[in-house]
Amino acid sequence: MSTRRVPPRWVRWTLVTVLLLASCVTFGITTARADLALGPHEARYDVTSDSQVVVDVGPIGTLEIDSPLPFGLGIRVTVGEIPADLRTVDGDDPLGALAGDAESYLQLFSDPETTVRRVAEELVADAVQRTMAAALVVAGVGVGGYLLLGVRRREELASRLVPRTWEITAGVTVVVLVAAVVPRVVVSSTEQAPPAQVFAGTPLEGARMTGRLAGVVDTYGSMAIDLYDENEAFYAGADAELDDAWAERLHDQEIDDIARSVGLKEPDGAPADDDVLTFVVVTDLHCNTGMSPLIRTTLERSGAQVLLNAGDTTTNGTSVEDVCVSSFADAVPDGVDVVVADGNHDSVVTSEQEAAQGWRVLDGSVVDVHGMRVLGDRDALETRVGSGSYTSTDETSDEQAARIEQTACEDDDVDLLLIHTPSAGTPAMNAGCVPFQISGHLHRRIGPVQIGAGFRYVSSSTAGAASDQPTVGPLNGIAEMTVFRFDTEARRMIDLQLVEVTPAGTAAVGERVPVPALAGPGAVPVEESLEDPAPEVEADADGA
């Protein structure tokens with residue numbers, strides 16, 4: 001009669017540990033889920049084991065493609081409602097709300113990579129959390145069982161189980177593998193459906209569809225693909241043009257620097273590089289993620305340490321617009337800080353999404369940004385497509401402006417006011433408590449204009465926002481960014497540099513323009529500013 005070979009103690013403990021970890025990891029991966037967005041819809045993403053990515057839109061049908069995930073894993077996307085939060089679809093103008101939803105669909109097709117990356121990140125994070133939770137439960141059960149059994153019972157069980165180590169190991173391994181792959185026995189309803197030809201040559205090549213969705217995609221799918229191709233081609237070409245424009249401008253600046261160093265040109269008054277803070281201003285992006293690579297190009301080429309966002313990153317401030325924030329966050333090179341003053345088309349939800357990306361969201365206090373003291377706050381109003389504007393807090397726009405004035409004057413050391421709506425800073429500037437203000441909101445550039453004892457600069461839209469035109473897709477208006485340099489020693493703005501991208505796909509980088517000196521020591525009321533631009537308005541240029 002043969003005697004079973006009992007493995008050493010360290011082998012037994014290693015096998016137990018590996019099997020328990022494998023079980024926890026299998027549980028974590030196969031049960032991972034994420035609640036994110038698909039276009040304008042809320043959606044639930046669940047990890048499956050059927051090697052397919054299935055988008056389930058209920059009675060309309062499904063779309064199914066082979067999964068790019070390893071180990072036979074797939075994803076099932078259950079499409080939910082278009083969220084009614086934040087007055088997205090209610091109000092007196094349902095057609096306007098539907099237009100906003102249409103832009104969200106266009107956004108999905110214009111930048112699908114960001115959606116895919118965001119879903120992958122959330123699923124991985126959830127799988128890790130579930131794995132750790134399962135490991136803690138297993139560890140708790142193990143320790144509790146060990147203590148409750150007692151010495152005699154543990155020895156009795158060990159005498160029975162240890163000789164069967166290899167059989168138990170094999171059995172548990174089989175159970176884990178079966179648990180991981182059992183969903184594959186379910187035959188997909190679209191297995192026999194032919195691939196949709198409309199997706200040929202796209203990332204969705206080979207996709208199969210069922211139900212009414214097949215007819216919808218056959219009818220309108222080519223339009224979406226054409227939009228995607230057009231969008232990709234336009235912004236790739238515009239980015240190449242912008243890169244060339246920056247190369248030419250940097251070459252000219254290098255020649256100017258050499259001329260100054262040998263006395264052939266007057267010094268520009270800039271301090272040593274160690275005392276110069278370079279930052280780029282963007283505003284009114286309105287979810288035009290096509291501009292993301294161009295923002296990155298400008299940040300890299302200008303050598304900026306900071307990106308200042310003057311608000312309206314999104315269109316409706318909804319949870320599903322996280323894809324917009326994520327895309328712009330991806331555009332920021334490592335080491336560049338982002339500071340944002342949210343606008344009337346953003347929301348508290350937007351602020352939370354931005355904070356999750358590591359952005360510094362201004363909340364009415366003064367913060368230090370690389371030696372520049374910045375005051376800013378979110379807009380007092382919130383505007384929703386189809387619903388108009390309303391006060392987002394108990395504070396009116398006038399009350400916010402008065403509070404900003406009080407904060408600036410009491411601090412008495414503010415270098416910059418970053419606020420979305422220009423008029424919110426008027427009292428503080430007239431009081432002489434803000435030397436420089438940067439805003440957006442009007443979708444047109446104004447200034448720098450002297451107000452009080454400082455200057456106001458209103459940046460035009462970085463999305464190329466034009467009246468009654470969507471901000472997704474190729475540009476409908478000129479998109480602008482501005483590069484500023486700030487002297488951290490003298491605490492003053494040195495100069496600014498305008499960056500423009502046109503609807504024709506051309507790009508230009510302007511010369512550095514010195515910030516003008518103040519007209520005089522006294523305060524200059526806003527009505528008597530150096531320029532007489534078009535009157536300020538509370539509404540956006542698009543009438544929202």
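By convention here, the first residue in the shown sequence is residue 1. None of these values were measured; they are calculated from a predicted model.
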Donor-acceptor side-chain pairing of D342 and S351 below 3.5 angstrom:
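Result is yes, a qualifying pair exists.
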Check whether the side chains of T482 and E480 place a donor and an acceptor atom closer than 3.5 Å, and report yes or no.
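There is no such pair (donor and acceptor under 3.5 Å, judged by atom type) between the side chains of T482 and E480.
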With distance as the sole test, does [X] use its side chain to make a donor-acceptor pair with the main-chain N or O of [Y] at under 3.5 Å?
X    : Y    : answer
T313 : V325 : no
S347 : G317 : yes
D275 : D487 : no
T289 : S292 : no
S460 : H443 : yes
R296 : D330 : yes
S459 : G440 : no
D322 : S319 : no
S327 : V323 : no

With a sphere of 6.0 Å drawn around CD of E511, does it hold more than 12 non-hydrogen atoms of other residues, nucleotides or ligands?
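At most 12 heavy atoms, drawn from other residues, nucleotides or ligands, come within 6.0 Å of this atom.
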Give a yes or no on this: more than 12 heavy atoms of other residues, nucleotides or ligands lie within 6.0 Å of atom CD of E399.
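Enclosed: over 12 neighbouring heavy atoms sit under 6.0 Å from CD of E399.
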Check whether any side-chain heavy atom of [X] sits under 4.5 Å from a side-chain heavy atom of [Y], and report yes or no.
X    : Y    : result
Q305 : L277 : yes
L475 : Y235 : yes
S326 : Q357 : yes
S397 : T421 : no
S365 : L375 : no
I255 : H251 : yes
L242 : V509 : yes

Please enumerate all residues that pass salt bridge (charged side-chain N to carboxylate O under 4.0 Å, His left out) together with R373, with sequence neighbours excluded.
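Partners of R373 by the salt bridge (charged side-chain N to carboxylate O under 4.0 Å, His left out) criterion, ordered by chain and then number, come out as D411, D413.
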Could you please spell out the steps behind the side-chain hydrogen bond (donor to acceptor under 3.5 Å, both in side chains) verdict for T383 and N344?
CA-CA 5 Å; T383 301; N344 57 302; 2.8 Å; yes
Does the pair D243 and T297 meet the rule for a side-chain hydrogen bond (donor to acceptor under 3.5 Å, both in side chains), with working shown?
CA-CA 7 Å; D243 192 63; T297 295; 5.2 Å; no
Using the rule given for side-chain hydrogen bond (donor to acceptor under 3.5 Å, both in side chains), can you reason through T506 versus T502, listing the C-alpha separation, both sets of side-chain angles and the distance that settles it, and then say yes or no?
CA-CA 5 Å; T506 61; T502 71; 2.6 Å; yes
If you take the centroid of each ring, where Trp contributes its six-membered ring, are Y457 and F484 closer together than 6.0 Å?
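Yes - the distance between ring centres of F484 and Y457 falls below the 6.0 Å cut-off.
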Given side-chain hydrogen bond (donor to acceptor under 3.5 Å, both in side chains), test T318 with E321 step by step and report yes or no.
CA-CA 6 Å; T318 57; E321 290 173 281; 2.9 Å; yes
Which atom of P514 lies closest to which atom of R512, heavy atoms considered
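Minimum heavy-atom separation between P514 and R512: CD-O, 3.8 Å.
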Between R378 and E354, is there a side-chain N and carboxylate O pair less than 4.0 Å apart?
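No.
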